[in-house]
Amino acid sequence: MPVIDVNGGQVVYEILGDTGQLIVLTPGGRFGKDYRGVRPLAERLVAGGHRVLLWDRPNCGASEVQFFGPSESHMRADTLHGLLTALELGPVVLAGGSGGARDSMLTAIRYPELVTKLVLWNIVGGIPGLFTLSWVYIMPTISALRAKGIEGLLTVPEWKQRIRDNPRNEARLLALDEAEFTRLTLRWLQAYVPTPGQTIPGLNDDLLVDIRVPTRIIRGGTDDPDHPRRTSLEVSCLIPGAELVDPPWAEDAWEQSIKAQGRGEDVGIFDTWVLAAPTILEFVDRA
């Protein structure tokens, strides 16, 4: 895969398709561009007449780990800006789900000249959702630092996976200054503390008014505690002119995928995302 240096770290990316508008597709979690369910959606968008940029965000997939900025999503927005600038691409359509929705919103706010339209789904919010994010993203790292220092990072499953995906990441992790990295992890953790006036973790509500591009939000499922319906409704009220549409998957699709995985079934949490292709294409193609 092509690799480019952005903000001192290598970013792996891929562009599918040859014609049409460029859609930057960003998944959630610390999952990379090849995580199950992402590519089928990208291929459907390409079949609909557009190009798609897939990228491994810092700390995801085979890209190099990086640690800077007010929050991890702020860092990723800065990285996407650097990636598109280096490739001389843009403006683009941003399409993202879960954590990718948060990254996309921050990119649209910080770099409005790069964005023409915004499509969001599985937006994380609410107390259970934010506590889950802190537990998934930050607390294992903080616990490892407290117990074993920087070398403890090599015992954390997700950093072990980053090293398997890109062996250079071991040296990058071990080179971190323990005191500075501890400060950063505590700062990033703060983004996931439920805070009045922050529907989106780490992002003040008043900044969403700065999103001035056409925006479509696929609302959260009624029975989804991680991406609650309420959060998508609130975001649709905060972004000027945003339109809200019903999900093309079952109201409890996310919960069903989690339970299926718990039973050992061959199910991915992003498997249903391909169903969003028609509403994304209709929105992108709209004059």
Side-chain angles (χ1 to χ4, degrees), residues 23-31 35-42 44-45 60 73 93-106 108 117-137 191-192 194-195 198-203 205 208 211 214-239 241-284:
I23 303 171
V24 178
L25 179 58
T26 305
R30 285 209 174 112
F31 300 115
Y35 190 75
R36 175 173 174 166
V38 178
R39 190 169 295 269
L41 173 56
R44 192 69 62 87
L45 298 176
C60 303
S73 285
V93 176
L94 297 183
S98 198
R102 188 166 58 255
D103 299 346
S104 298
M105 280 184 274
L106 271 162
K117 291 184 179 181
L118 192 59
V119 188
L120 312 167
W121 61 94
N122 283 160
I123 303 174
V124 180
I127 293 176
L130 267 61
F131 280 8
T132 296
L133 290 183
S134 67
W135 175 64
V136 170
Y137 285 135
Y192 304 124
T195 302
Q198 288 189 357
T199 303
I200 302 302
L203 177 61
D205 286 347
L208 290 170
I211 297 178
T215 300
R216 171 167 287 185
I217 299 170
I218 300 173
R219 69 163 174 79
T222 301
D223 301 313
D224 186 342
D226 293 326
H227 318 98
R229 176 175 181 169
R230 172 179 173 175
T231 297
S232 54
L233 291 170
E234 290 176 345
V235 173
S236 71
C237 293
L238 292 166
I239 297 177
E243 57 182 81
L244 192 73
V245 298
D246 291 337
W249 39 72
E251 295 285 350
D252 63 346
W254 184 263
E255 278 298 279
Q256 288 302 319
S257 68
I258 298 296
K259 292 177 181 178
Q261 288 182 340
R263 295 191 295 267
E265 299 176 15
D266 185 23
V267 174
I269 56 175
F270 299 157
D271 283 357
T272 58
W273 282 14
V274 67
L275 301 176
T279 190
I280 295 174
L281 289 170
E282 186 275 325
F283 183 66
V284 171

Qualifying residue for side chain to side chain contact (heavy atoms under 4.5 Å, CB included) with Ile217, from Leu244, Val245, Leu233 | Leu244
Option among Asp226, Leu133, Thr231 that satisfies the side chain to side chain contact (heavy atoms under 4.5 Å, CB included) test with Val124 | Leu133
Closest non-hydrogen atom pair between [X] and [Y], with its separation:
X      : Y      : value
Ser236 : Ala242 : O-CB, 3.7 Å
Cys60  : Gly29  : SG-O, 4.2 Å
Gly268 : Ser257 : O-CB, 4.1 Å
Ala277 : Arg44  : CB-CG, 3.2 Å
Pro228 : Gly126 : CG-N, 4.4 Å
Pro128 : Pro225 : CB-O, 4.2 Å

Got a sec, which residues hit salt bridge (charged side-chain N to carboxylate O under 4.0 Å, His left out) with [X], two or more places apart in sequence or on another chain?
X      : value
Arg216 : Glu243, Glu282
Asp103 : Arg57, Arg76
Arg39  : Glu14, Asp34
Arg36  : Asp266, Asp271

With sequence neighbours excluded, tell me which residues meet side-chain hydrogen bond (donor to acceptor under 3.5 Å, both in side chains) with Asp224.
-> His227
Could I get the full list of side-chain hydrogen bond (donor to acceptor under 3.5 Å, both in side chains) partners for Glu251, not counting sequence neighbours?
-> Arg219, Thr222
Roughly how far, to the nearest 0.5 Å, is the [atom2] atom of [Y] from the [atom1] atom of [X]?
X      : Y      : atom1 : atom2 : answer
Leu94  : Leu118 : CG    : CG    : 6.0 Å
Phe31  : Ser98  : CZ    : OG    : 8.5 Å
Arg263 : Ile258 : CZ    : CD1   : 11.5 Å
Lys259 : Glu255 : NZ    : CD    : 5.5 Å

Is the closest side-chain heavy-atom distance between [X] and [Y] below 4.5 Å?
X      : Y      : value
Leu120 : Thr215 : yes
Tyr192 : Pro201 : yes
Ile123 : Ile218 : no

Qualifying residues under side-chain contact (heavy atoms from CB on, under 4.5 Å), relative to [X], sequence neighbours excluded:
X      : value
Pro40  : Val274
Gln256 : Asp252
Leu203 : Leu106, Ile109, Ile200, Leu207, Leu208
Leu275 : Pro248, Trp249, Thr272

Tell me the side-chain hydrogen bond (donor to acceptor under 3.5 Å, both in side chains) pairs involving residues 121-137, sequence neighbours left out?
-> Asn122-Trp273
Please name all residues satisfying ring-ring contact (aromatic ring centres under 6.0 Å, His included) with Phe283, sequence neighbours left out, ordered by chain then number.
-> none
